[in-house]
Amino acid sequence: MRRWNGWGEEGVDAALPERARDLLAQLVGPGTPTTDVRLDDVVASVPASRLVDEVAWTTDARDRVLHARGQSLPDWVALRSGRLGAVPDAVARPTSDAEVRAVLAVAAQRGARVIPYGGATSVVGGVTTRPSDAPIVSVDLGGTSGLRSLDEVSGLATFGAGTTGPALEAALEPAGRTLGHYPQSFERSTVGGWVVTRSAGQESSGVGRIEALFAGGHLESPVGPLDLPTHPASAAGPDLRQLVLGSEGRLGILTDVVVRTSRIAPATRVNAFVMRDWDAALDLARSLAQRRLPLTMVRVATPLETATTFALVGEGRSQAMLRRYLGWRGLGPDQERCLVLVGLSGATAVVDAAAGEVAKAVRERHGVGTPGVGRAWRRDRFKAPNLRDALWSSGYAVDTLETAVDWTTLPELAADLGRTLRHGLDADDERVHAFSHLSHVYPTGTSLYSTYVFRLAADPDQTLDRWRRLKRAASEVIVRHGGTISHQHGVGADHAPYLSAEKGPLGMAALKAVVRTFDPDGLMNPGVLLAPEGS
Ligand SMILES: Cc1cc2nc3c(=O)[nH]c(=O)nc-3n(C[C@H](O)[C@H](O)[C@H](O)COP(=O)(O)OP(=O)(O)OC[C@H]3O[C@@H](n4cnc5c(N)ncnc54)[C@H](O)[C@@H]3O)c2cc1C
């Protein structure tokens, strides 16, 4: 069973390896663990619902607590401390379009607000219940899960929006097909959530981001349904799918999602390389992104992330052997090395030829292949988030943030962001360990994905305050350098104040007008995507 207040499975040991504990003690100080509140105690103290049980929903206290939060750092602080602030007044579990329509209608009659709830993996406050004068209904889409139809001739598959990654791939696999969308949250996030947050999978360089995979579907809005046809291409004016992509529940509830699937490729691999320094790694990544190769991904860790990754997940002996091997291959100092992962997929001969071209590009820049590391990364890639549980239990908060910029802007932005995060808690005399990687590369630019770790404070409000200051400072750096406020996590409530810097006044007015058209009475997900007026 999933932890109610974390990421991993209940009962699975979330201890931090000793090596990692030592490293963090050295970098930010010894961990300062706090005591977690018990679920039963939170449920016992939950305020009374402002709604009554209806056919459309339940007001069960436990259910309401379990739907109060997602996976952002403020969500974690709330769930671990029991200071939830607000919980939904009711939880609905519709299983059909008609039931979704009924929930929206009853919510409107009761003056309630609605928060669509997919896998609840939002890290930007997308499903977070905030204090509100109006009652809140969380609409859990788990009951819509499943494959509705598969058109094998066209490769189009229709899924209920609440279908999670593993269920979706398992439904396609017998037909030899795949969607190939693998966000790190794959095991828990849903296809509906992916669409409305403009998600990027780890292998999106191959099949494309969810924008490219979303063929059409069905949305239930407070003023009526919207059907999105699956034309392979169209010149019939603006594409309405683009309104739904990234709408984050503000326009209504996406109930059906039609996706473009592809045949499972005969050959898929991830090869790992170590480059002698950041400049060589960047040059390699840019050069690969600008060629026409069957890439699924190029992932480049900064020297600090490379060292941290090896310390967090590696075993002492194999680490030492790898270090000796890299030294023997003339790779220069440990602390400057960068790990690069390159994914390829396609027909076997095409992948073999591309792998040869990648290896040549690596050799030309004096990099070295590290056999086995890429395979291990692919095997364990969805386990990495369990480290969040382990870090928290050891007294550390960890959060991530991401952006995308042109290649020319990257070096300055990356340096400024790293500096800002590392010194963000100087006033508290606390250190921050911050490191980054490029998670997705494009011909004209790249994403930059940063992780930062700091110590928990004894008072949860102080931990929250530390996070707020770091998040604000980092977001301001991103905006100042012209980066997008989100490459993949979406806007939610946490990024909403920064959206106008990117869209401009006319753009914001247009977005608000669209939201008003679908939801004139402001029923849907208030505070998400568009910051409340005057905030
Ligand atoms: C450990 C971890 C790793 C992650 N890695 C990635 C990654 O690699 N790539 C990436 O893109 N993201 C990643 N994320 C972020 C998150 O998983 C994505 O934003 C994901 O798309 C959210 O899907 P979900 O089903 O969990 O949506 P939720 O979190 O349930 O909801 C997200 C938003 O969409 C709305 N919503 C959900 N379903 C619907 C629907 N059917 N109709 C209308 N509105 C809806 C919600 O109200 C909310 O505003 C990660 C998150 C975590 C915790």
Side-chain angles (χ1 to χ4, degrees), residues 6-8 67 69-73 75-76 88 94 97 100 104 113-129 136-145 159-165 168 181-204 209-211 214 217-221 226 244-257 297 299 381-389 398-402 439-440 447 449 451 486-496 518-519 524-530:
W7 180 259
H67 286 81
R69 294 282 179 158
Q71 287 287 328
S72 70
L73 194 89
D75 291 335
W76 272 56
D97 292 354
V100 168
L104 295 183
R113 303 285 174 263
V114 167
I115 302 181
Y117 184 99
T121 64
S122 172
V123 283
V124 291
V127 295
T128 304
T129 307
I136 303 281
V137 181
S138 172
V139 180
D140 185 331
L141 292 154
T144 66
S145 171
F159 284 95
T163 312
T164 60
L168 180 143
H181 187 74
Y182 299 108
Q184 197 185 44
S185 57
F186 173 76
E187 291 174 330
R188 305 199 187 285
S189 52
T190 63
V191 65
W194 298 342
V195 170
V196 300
T197 60
R198 300 187 81 101
S199 164
Q202 291 174 333
E203 300 183 16
S204 283
R209 296 163 57 97
I210 200 70
E211 293 97 299
F214 176 47
H218 182 85
L219 177 101
E220 289 291 341
S221 87
L226 175 73
V244 172
L245 282 158
S247 58
E248 303 194 8
R250 289 301 303 251
L251 303 185
I253 295 184
L254 188 60
T255 56
D256 279 344
V257 180
M297 67 172 199
R299 224 175 138 94
R381 60 185 161 158
F382 302 130
K383 290 189 189 151
N386 293 332
L387 269 174
R388 300 174 87 199
D389 294 308
V398 58
D399 193 25
T400 59
L401 45 88
E402 30 77 60
S439 62
H440 299 78
S447 69
Y449 187 99
T451 303
S486 177
H487 168 264
Q488 64 200 64
H489 288 161
V491 178
D494 298 344
H495 292 154
F518 281 77
D519 182 23
M524 302 301 308
N525 226 356
V528 162
L529 186 63
L530 303 172

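Just so you know, ligand 1 is whichever comes first in the structure, and atom 1 is the first atom listed for that ligand. Hydrogens, waters and symmetry mates play no part in the numbers below; they use all other heavy atoms, side chains included.
- Take S145 and apply the side chain to side chain contact (heavy atoms under 4.5 Å, CB included) test, not counting sequence neighbours, and it matches T163.
- For G252, the closest heavy-atom approach to ligand 1 falls below 4.0 Å.
- Judged as a side chain to side chain donor-acceptor pair (under 3.5 Å), and not counting sequence neighbours, the contacts of E220 are R101, H218.
- Between Q71 and R188, the side chains place no donor N or O within less than 3.5 Å of an acceptor N or O (distance only, hydrogens not considered).
- Regarding atom 47 (O) of ligand 1, its nearest protein heavy-atom neighbour is P116 O, 2.6 Å.
- Remark: the H181 side chain and the S199 side chain contain an N/O donor-acceptor pair separated by less than 3.5 Å.
- In this structure, the protein non-hydrogen atom closest to atom 24 (P) of ligand 1 is G119 N, 3.4 Å.
- Checked by distance only, ligand 1 and G201 stay at 3.5 Å or farther apart across all their nitrogen or oxygen atoms.
- In this structure, W7 has a heavy atom closer than 4.0 Å to ligand 1.
- Evaluated for a side chain to side chain donor-acceptor pair (under 3.5 Å) with R209, the options H440, H487, Q488 yield exactly one hit, H487.
- Between A200 and ligand 1, at least one N/O pair is under 3.5 Å apart.
- Looking only at heavy atoms of the protein, atom 48 (C) of ligand 1 is closest to G126 O, 3.4 Å.
- Taking distance alone, with nitrogen or oxygen atoms compared against 3.5 Å, Q71 stays at or beyond that limit from ligand 1.
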Starting from the C-alpha separation in whole Å, work towards a yes-or-no answer on side-chain contact (heavy atoms from CB on, under 4.5 Å) for T255 and T144. CA-CA 7 Å; T255 56; T144 66; 5.6 Å; no

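- A donor-acceptor distance shorter than 3.5 angstrom exists from the side chain of H495 to the backbone of G490, with no hydrogens or angles considered.
- A distance of 5.0 Å separates CD1 in I115 from CD1 in I136, rounded to the nearest 0.5 Å.
- For atom 25 (O) of ligand 1, the nearest protein heavy atom (residue, atom name, distance) is T190 OG1, 2.6 Å.
- For atom 39 (C) of ligand 1, the choice among T128, V114, T144, L141 with the nearest heavy atom turns out to be L141.
- When heavy-atom distances to ligand 1 are checked against a 4.0 Å cut-off, N525 comes that close only through its side chain, counted from C-beta outward.
- Here the shortest heavy-atom distance to atom 27 (O) of ligand 1, taken over G193, G249, G125, belongs to G193.
- Taking the six-membered ring for Trp and thresholds of 30 and 60 degrees, Y182 and F382 have ring planes inclined between 30 and 60 degrees apart.
- Separating the CG atom in L530 from the CD atom in E248 is a distance of 9.0 Å, to the nearest 0.5 Å.
- Close approach of ligand 1 to H489 (heavy-atom distance below 4.0 Å) involves ligand atoms 12 (N), 13 (C), 14 (N), 15 (C), 19 (O).
- The nearest heavy-atom contact from the protein to atom 31 (O) of ligand 1 is V127 CG1, 3.7 Å.
- Between V196 and ligand 1, no N or O atom pair is found at a separation short of 3.5 Å.
- Nearest non-hydrogen protein atom to atom 41 (N) of ligand 1 is L254 O, 2.9 Å.
- For a threshold of 3.5 Å applied to N or O pairs, the pair formed by Q202 and ligand 1 contains no separation below that value.
- For the atom pair OH of Y117 and CG of D140, the computed distance is 6.5 Å after rounding to the nearest 0.5 Å.
- Counting heavy atoms closer than 4.0 Å to ligand 1, residue T197 contributes side-chain atoms (C-beta onward) but none from N, CA, C or O.
- Under 4.0 angstrom from ligand 1, the non-hydrogen atoms of S122 come from both its backbone and its side chain.
- Looking from atom 28 (P) of ligand 1 to the surrounding protein, the closest heavy atom is A120 N, 3.6 Å.
- Between G70 and ligand 1 there is no heavy-atom distance shorter than 4.0 Å.
- Side chains of Q202 and S439: a donor-acceptor N/O pair is absent below 3.5 angstrom, by distance only.
- Using modelled atom types, no side-chain atom of D399 and backbone atom of L73 make a donor-acceptor pair closer than 3.5 Å.
- For ligand 1, the polar-atom distance check finds no N/O of S189 at less than 3.5 Å from any of the ligand's N/O atoms.
- The closest donor-acceptor contact from the side chain of S204 to the backbone of A200 lies at 3.5 Å or more, if one exists at all.
- Near W194, meaning under 4.0 Å from one of its heavy atoms, ligand 1 places the atoms 21 (O).
- In summary, the atoms of ligand 1 found under 4.0 Å from a heavy atom of P385, numbered by their order in the structure, are 1 (C).
- Residue-to-ligand polar distances place S199 within reach of ligand 1: an N/O pair is separated by less than 3.5 Å.
- Among all protein heavy atoms, the one lying closest to atom 26 (O) of ligand 1 is T121 OG1, 2.6 Å.
- Looking at ligand 1, you'll find an N or O of Q184 within less than 3.5 Å of one of its N or O atoms.
- A donor-acceptor contact shorter than 3.5 Å links the side chain of R250 to the backbone of V528.
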